[in-house]
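Please read the structure below before turning to the comments.
Scope of the values below: all heavy atoms of this structure, side chains included, with no hydrogens, waters or symmetry mates. As the structure lists them, so they are numbered: ligands from 1, and atoms in each ligand from 1.
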Amino acid sequence: MTNAPPPADGPALMEAFRRHLHDRGVPATQQRQAVAATVFFAGRHVSVGDIERALLERGDRVGKATVYRTLELLQSAGLIQEHDFGEGFKRYEPLAARGYHEHLICLRCGRVEEFANERFDRMSALIAEEHGFHHHHHRWEIYGICPECRRRDRAARPASTPLERGRAR
Ligand SMILES: [Zn+2]
Ligand SMILES: [Zn+2]
């Protein structure tokens with residue numbers, strides 16, 4: 001049914017990025033590589049804020065403009081994908097060799113989960129066909145409340161009444 005997509009191959013993506021820069025005559029500076037690495041090795045969908053924090057923790061001094069410029073380079077190389085999950089900021093994830101996958105987004109904590117589902121893919125192609133479109137690609141985004149937030153909601157519920165407690169016994 002639904003499966004988690006394969007993890008990103010960080011080293012291969014770094015190599016592809018260096019090749020892309022070289023082909024375009026753009027220097028593969030230490031800063032650009034540091035930005036790319038934070039996205040390739042994050043293992044999740046990172047915001048620009050996440051990237052800046054990761055760079056700081058590693059002791060890399062990279063300006064905001066370089067972060068944005070590098071993200072543009074990575075996107076034009078087809079190595080990362082940009083997402084707008086309606087949070088007021090963008091998120092990024094490594095793309096190459098991972099194949100298409102879809103996202104579940106928690107409205108409360110912003111957690112993003114991934115899944116791949118063959119039926120979704122087939123359905124998308126069929127819907128496109130019904131409308132006379134040739135299917136190129138698609139994006140499904142499911143918004144809801146994640147299991148952890150639902151658990152927290154249940155725990156935070158006001159204490160049950162004496163009557164309920166009596167029944168539960
Ligand atoms: Zn949540
Ligand atoms: Zn994803």
Side-chain angles (χ1 to χ4, degrees), residues 1-21 32-58 62 64 66-128 133 135-160:
M1 245 185 69
T2 65
N3 306 299
D9 184 350
L13 287 162
M14 284 303 291
E15 186 49 43
F17 184 47
R18 279 191 287 266
R19 226 178 308 126
H20 176 81
L21 293 179
R32 287 189 182 120
Q33 294 195 58
V35 174
T38 59
V39 183
F40 291 158
F41 293 98
R44 62 200 181 93
H45 306 73
V46 291
S47 65
V48 169
D50 293 331
I51 294 169
E52 287 179 316
R53 263 189 301 280
L55 290 168
L56 260 176
E57 273 165 30
R58 293 168 38 141
V62 182
K64 218 182 186 81
T66 304
V67 172
Y68 279 104
R69 176 79 189 112
T70 306
L71 289 171
E72 273 173 34
L73 284 164
L74 286 164
Q75 263 189 278
S76 70
L79 297 174
I80 63 168
Q81 188 173 15
E82 184 184 83
H83 293 289
D84 185 347
F85 294 136
E87 302 166 294
F89 55 85
K90 305 277 173 61
R91 288 180 185 265
Y92 303 87
E93 68 169 321
L95 192 64
R98 300 199 63 207
Y100 285 115
H101 63 267
E102 322 301 341
H103 297 93
L104 287 148
I105 302 108
C106 178
L107 290 167
R108 204 146 301 158
C109 68
R111 166 172 162 188
V112 179
E113 270 197 33
E114 303 182 323
F115 69 94
N117 186 309
E118 218 183 275
R119 275 179 303 171
F120 260 10
D121 297 344
R122 279 203 302 271
M123 215 198 321
S124 299
L126 281 173
I127 292 168
F133 275 62
H135 180 267
H136 182 262
H137 71 278
H138 60 262
R139 282 192 196 188
W140 288 87
E141 281 162 20
I142 300 175
Y143 294 85
I145 310 295
C146 76
E148 253 102 89
C149 288
R150 292 179 62 201
R151 235 190 319 274
R152 214 168 299 133
D153 281 358
R154 279 198 295 272
R157 225 187 266 161
S160 55

Report the angle formed at the Zn ion (ligand 2) by atom OE2 of E93 and atom NE2 of H103, rounding to the nearest 10°. 90°
Can you tell me which residue among E82, H83, E93 is in a side-chain hydrogen bond (donor to acceptor under 3.5 Å, both in side chains) with H45?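 With H45 as partner, E82, H83, E93 yield a single side-chain hydrogen bond (donor to acceptor under 3.5 Å, both in side chains), made by E93.
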Any residue meeting ring pair (Phe, Tyr, Trp, His ring centres under 6.0 Å) with F41, in chain and number order, not counting sequence neighbours: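 Testing F41 for ring pair (Phe, Tyr, Trp, His ring centres under 6.0 Å), a comparison that skips the adjacent residues, returns none.
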Restricting to N, O or S atoms of [X], which is nearest to the Zn ion (ligand 2)?
X	result
E114	OE2
H45	NE2
H101	NE2

Is the distance from the Zn ion (ligand 2) to some N, O or S atom of H83 under 2.8 Å?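 Given the 2.8 Å cut-off, H83 does not count as a ligand of the Zn ion (ligand 2).
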Specify whether an N/O/S atom of E102 falls short of 2.8 Å from the Zn ion (ligand 2). no
Verify the neighbour count for atom CZ of R150: are there more than 12 heavy atoms of other residues, nucleotides or ligands below 6.0 Å?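 Check fails, neighbour count at 12 or below.
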Heavy-atom count around F89 CZ within 6.0 Å, excluding the residue itself: above 12? yes
I'd like to know if the side chain of T70 and the backbone of T66 have a donor-acceptor N/O pair within less than 3.5 Å. yes
Checking the side chain of E102 only, and the main-chain atoms of W140 only, is there a donor and an acceptor separated by less than 3.5 Å?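 Pair found, side chain donor or acceptor close to backbone of W140.
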When you check the space around the Zn ion (ligand 1), which protein N, O or S atoms turn up under 2.8 Å? C106 SG, C109 SG, C146 SG, C149 SG
Salt bridge or not for R152 and E148, using N-O below 4.0 Å?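 Answer for the salt bridge query: no.
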Check this for me, if you would: do R108 and D153 make a salt bridge, where the nitrogen-to-carboxylate-oxygen distance has to be below 4.0 angstrom?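 Counted as a salt bridge, because a side-chain N and a carboxylate O are separated by less than 4.0 Å.
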Taking it one step at a time, do D121 and S124 satisfy side chain to side chain donor-acceptor pair (under 3.5 Å)? CA-CA 5 Å; D121 297 344; S124 299; 5.6 Å; no
